[in-house]
Amino acid sequence: MRTSPFPATLRRQWSADLTTAQLYALLKLRSEVFVIEQSCLYADLDGRDLEPGTRHLWLEVDGSPEPLAYLRLLEEADGTFRIGRVVTARVARGRGYSRRLVEAALSEVGTVDCVLDAQTYVADFYGSFGFVAESAEFIEDGIPHLRMRRSR
């Protein structure tokens, strides 16, 4: 892991507190990586970004409106949390930003179970946080995934 040549500030916002500009920047980053870079056409706008319990966490350089990395933390109906949409801009990869975001999300989750659907190639990354695969590999939007859970 390289160290960052620029400090990144962690931002946390509940869905209701996001400005239009912040939401646009976050959706733009997700689109650039998931849709364009990974050539994955899928319904990113699934209606969950604006749910009252949704938290958006991202890293940005002070003074820049562009996020470097992002994740979405959802509260599920069964009381668990779900981490999703974990993404890092191409120019910011290898600096530990995803690790920093997952640590921040898990800090908010505390001792509650947390689930995620990991792209298979990063399952070991999530395993380093205590996530364990609870499904066989499945294909979602043309990309192999594993459902993973962290129980406390």
Side-chain angles (χ1 to χ4, degrees), residues 1-2 4 8 10-16 18 20 22-60 65-152:
M1 173 175 32
R2 298 178 302 213
S4 174
L10 177 66
R11 303 280 185 224
R12 288 181 177 93
Q13 294 285 103
W14 291 92
S15 59
L18 282 175
T20 304
Q22 287 169 329
L23 181 58
Y24 179 85
L26 298 173
L27 294 174
K28 181 177 181 254
L29 173 62
R30 287 171 18 186
S31 177
E32 287 171 350
V33 175
F34 296 135
V35 177
I36 296 169
E37 185 180 324
Q38 293 185 348
S39 300
C40 183
L41 298 176
Y42 75 109
D44 182 35
L45 301 179
D46 59 1
R48 303 217 56 196
D49 289 306
L50 299 178
E51 289 179 1
T54 299
R55 299 169 208 174
H56 301 270
L57 290 79
W58 71 95
L59 292 164
E60 63 184 31
E66 299 298 320
L68 299 170
Y70 165 85
L71 70 72
R72 177 174 79 176
L73 183 61
L74 304 169
E75 291 185 46
E76 299 288 39
D78 66 0
T80 62
F81 282 88
R82 173 174 289 281
I83 292 175
R85 305 296 199 261
V86 181
V87 62
T88 301
R90 181 177 286 196
V91 299
R93 291 187 190 144
R95 295 184 173 98
Y97 291 155
S98 290
R99 178 165 296 282
R100 193 167 155 198
L101 286 173
V102 172
E103 287 170 349
L106 291 176
S107 174
E108 294 199 21
V109 166
T111 59
V112 178
D113 280 11
C114 186
V115 297
L116 54 81
D117 292 340
Q119 291 185 9
T120 302
Y121 81 96
V122 290
D124 289 342
F125 168 74
Y126 293 112
S128 73
F129 296 99
F131 284 91
V132 177
E134 67 175 14
S135 76
E137 186 175 85
F138 62 94
I139 303 298
E140 184 174 335
D141 301 314
I143 298 173
H145 284 72
L146 291 169
R147 172 128 326 118
M148 300 184 81
R149 177 177 297 271
R150 179 178 175 258
S151 298
R152 288 287 152 178

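What you see is a predicted model, and the numbers here were worked out from it, not measured in a lab. In what follows, every heavy atom counts, from backbone to side chain, and hydrogens, waters and symmetry copies are set aside.
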Kindly give the heavy-atom pair with the smallest separation between Ser151 and Asp113, and that separation in Å. CA-OD1, 3.2 Å
To check you understand the geometry: which heavy-atom pair defines the closest contact between Leu71 and Val102, and what is its length? CD2-N, 3.8 Å
Spacing of CD belonging to Glu140 relative to NE2 belonging to His145, to within rounding of 0.5 Å: 4.5 Å
If every non-hydrogen atom of Leu57 is compared with every non-hydrogen atom of Ala104, which pair is closest and at what distance? CD2-CB, 3.7 Å
Please report the interatomic distance CE(Met148) to CG(Asp117), rounded to the nearest 0.5 Å. 10.5 Å
Between the CZ atom in Arg149 and the CZ atom in Arg82, the distance rounded to the nearest 0.5 Å is 8.5 Å
Give a yes or no answer on whether the side chain of His56 reaches the backbone of Arg11 with a donor-acceptor pair at less than 3.5 Å. no
Flag, side chain of Arg150 to backbone of Phe129, donor-acceptor distance under 3.5 Å: yes
Could you check whether Phe125 and Tyr121 have their ring centres less than 6.0 Å apart? no
To the closest 0.5 Å, what do you measure between CD (Gln22) and CD (Glu60)? 7.5 Å
Treating Thr54 as the side-chain partner and Ser15 as the backbone partner, does any N or O pair qualify as donor plus acceptor under 3.5 Å? no
Where the side chain of Arg12 meets the backbone of Arg55, is there a donor-acceptor pair that is under 3.5 Å apart? no
Going by the side chain to side chain contact (heavy atoms under 4.5 Å, CB included) test, name the single residue among Leu29, Leu74, Asp49, Asp46 that passes it with Arg85. Asp46
Closest non-hydrogen atom pair between Ser98 and Val86, with its separation: OG-CG1, 4.1 Å
Salt bridge flag under 4.0 Å for residues Lys28 and Glu66: yes
Can you check side-chain contact (heavy atoms from CB on, under 4.5 Å) on Glu76 and Phe81, steps first, answer last? CA-CA 6 Å; Glu76 299 288 39; Phe81 282 88; over 6 Å; no
For Arg100 and Ala8, indicate whether the former's side chain and the latter's backbone hold a donor-acceptor pair under 3.5 Å. yes
Work out which heavy atom in Thr88 is nearest to a heavy atom in Ala69; give both atom names and the distance. OG1-CB, 3.7 Å
Is the count of non-hydrogen atoms from other residues, nucleotides or ligands lying under 6.0 Å from Tyr24 atom OH greater than 12? no
Rounded to the nearest 0.5 Å, what separates atom CG in Leu59 from atom CG in Leu101? 4.0 Å
For Asp78, side-chain hydrogen bond (donor to acceptor under 3.5 Å, both in side chains) partners two or more places apart: Thr80
Does the plane of the ring in Tyr126 sit parallel, tilted or perpendicular to the ring in Phe131? Use 30° and 60° as the thresholds. perpendicular
Atom CG of Leu26 and atom CG of Leu18: how far apart are they, to the nearest 0.5 Å? 6.5 Å
Answer yes or no: is there a side-chain heavy-atom contact under 4.5 Å between Leu10 and Glu103? no
For a quick test of reading the model, state the closest non-hydrogen atom pair linking Pro67 to Trp58 and the distance between them. CB-CD1, 3.8 Å
